[in-house]
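Worksheet: the structure to be examined is printed underneath.
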There are 2 protein chains.
Amino acid sequence: MPDTATRIMLAAADAFAEHGFPATTTRDIASRAGLSPAGVYVHFASKEVLLFEISRRGHARARDLLVAAAEEAPSPTAALRALVGGFSRWHAEHFQLGRIVQFEFRHLSGEHRAEVIGLRKDIDRVLADVLRDGVRTGELDVEDVQTTALALMSMAIDVARWYVPGGRRTPESIERTYGDLAVRLARGAG
Amino acid sequence: MPDTATRIMLAAADAFAEHGFPATTTRDIASRAGLSPAGVYVHFASKEVLLFEISRRGHARARDLLVAAAEEAPSPTAALRALVGGFSRWHAEHFQLGRIVQFEFRHLSGEHRAEVIGLRKDIDRVLADVLRDGVRTGELDVEDVQTTALALMSMAIDVARWYVPGGRRTPESIERTYGDLAVRLARGAG
DNA sequence: GTCTATAGAAGGATAGAC
DNA sequence: GTCTATCCTTCTATAGAC
């Protein structure tokens, strides 16, 4: 049994993913965590702080995943495949967390938003660096690195919006297909 | 000066795009439209009906745009470029409407959601048909038509999430770049 | 068709007992 | 650290005058 604070975060993540942040009530969160409405406030100062904690941890985990994938890959092409494939798979496996991270962002307070933006820039940079590496070695052919990186991130992020567990597409098949698509996109007409 | 119902819809679209549906108050909508809080209900039965009307019209316009682009194109490759480029540009030019259409969907009532889903299937089919056409003629090389269509739609739809007017990227440059990326993605290694 | 006023419900957060 | 009870605010939607 995880500790109470963790249970509350898991309950809140479920609720936020299902209804969105503003439409989620603290009563719903408390009830999912097996607490009274007041019980939440012993562990978190407000509903917004709860969103922030979930967002911060989610972003940090996604970033660590990407950095590790980039470092382990033997070539820019392999790194590109691992990055986009892995990020896409992550957004399928953790589609609830992904939705919160990507789509509830605007409901963070100014200060909290700024901190999360920093993590986002780290994430964007990892992919752009891989593309630049590949262009330098000649493996990849990309006209506009920034925009191509953005488009690839869009493909992966959007998985969280449409993914339904138990559907035709599995996280593994998404990883494979999206990794392939990324390489096709960045290798050009050959 | 547009009629009052239209003014209310425009005001609501602004507010929904800025705060999301649940966090938007009917008072805010009324105030933006230059009405008292009660004035809205003469024209729309509820806040949810307002969201539905905006969503329905937005989807229908996007669909008409795509169908027209597909019909006018002289070849599957040209159609693919026009479709993805045009859809991406639309999500930049109408990023507010795009956000509502794509990200406030879950707040529609069951009946209204079903009607919008029908429009979405039309939209998805247009792109999948173009890819299939191109595979048949041999112009395009796509392994999984459904998933490739989905990934291309993701690229375009996600523009509404990140686009900021007045930024480095214009709707025109997005149209060009994303149209090119789509062709690269579907033409394969050549 | 627009207003003022308000009903009626629900939500975020706190007080204070245990 | 958890509960019950509740404060206070805010919200959607309606009533009824004009």
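Order of the sequence lines sets the chain letters (A, B, ...), proteins ahead of strands, with each chain counted from 1.
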Calculate the interatomic distance between [X] atom [atom1] and [N] atom [atom2]; express it in whole Å.
{"X": "B:F44", "N": "C:dG1", "atom1": "CZ", "atom2": "C1'", "value": "14 Å"}
{"X": "A:H43", "N": "C:dA13", "atom1": "NE2", "atom2": "C1'", "value": "15 Å"}
{"X": "B:I29", "N": "D:dT10", "atom1": "CD1", "atom2": "C1'", "value": "15 Å"}
{"X": "B:K47", "N": "D:dA13", "atom1": "NZ", "atom2": "P", "value": "8 Å"}

Strictly below 4.0 Å, heavy-atom distances to any atom of DNA chain C: list the hits from residues 17-26 of chain A, or just say none. A:T24, A:T25, A:T26

Which residue lies toward the 5' end of DNA chain D, A:S36 or A:R27, if each is placed at its nearest nucleotide?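 Whichever sits nearer the 5' end wins; that is A:S36.
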
Please find the pair of heavy atoms, one from A:T177 and one from B:T147, that lie closest to each other, and give the distance. CG2-CG2, 3.6 Å

Establish, yes or no, whether the cationic atom of A:R61 lies under 6.0 Å from the six-membered ring centre of A:W90 and within 45° of the ring axis. no

Side-chain contact, heavy-atom cut-off 4.5 Å: A:E111 with A:F52? no

Do B:V159 and B:F95 have side chains that approach each other closer than 4.5 Å (heavy atoms only, starting at C-beta)?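 B:V159 does not reach B:F95 side chain to side chain.
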
Side chain of A:H107, backbone of B:H19: donor and acceptor closer than 3.5 Å?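 Looks like yes, one N/O pair under 3.5 Å.
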
A:S46 has a side chain; which of C:dT2, C:dA15, C:dA13 sits nearest to it? C:dA13

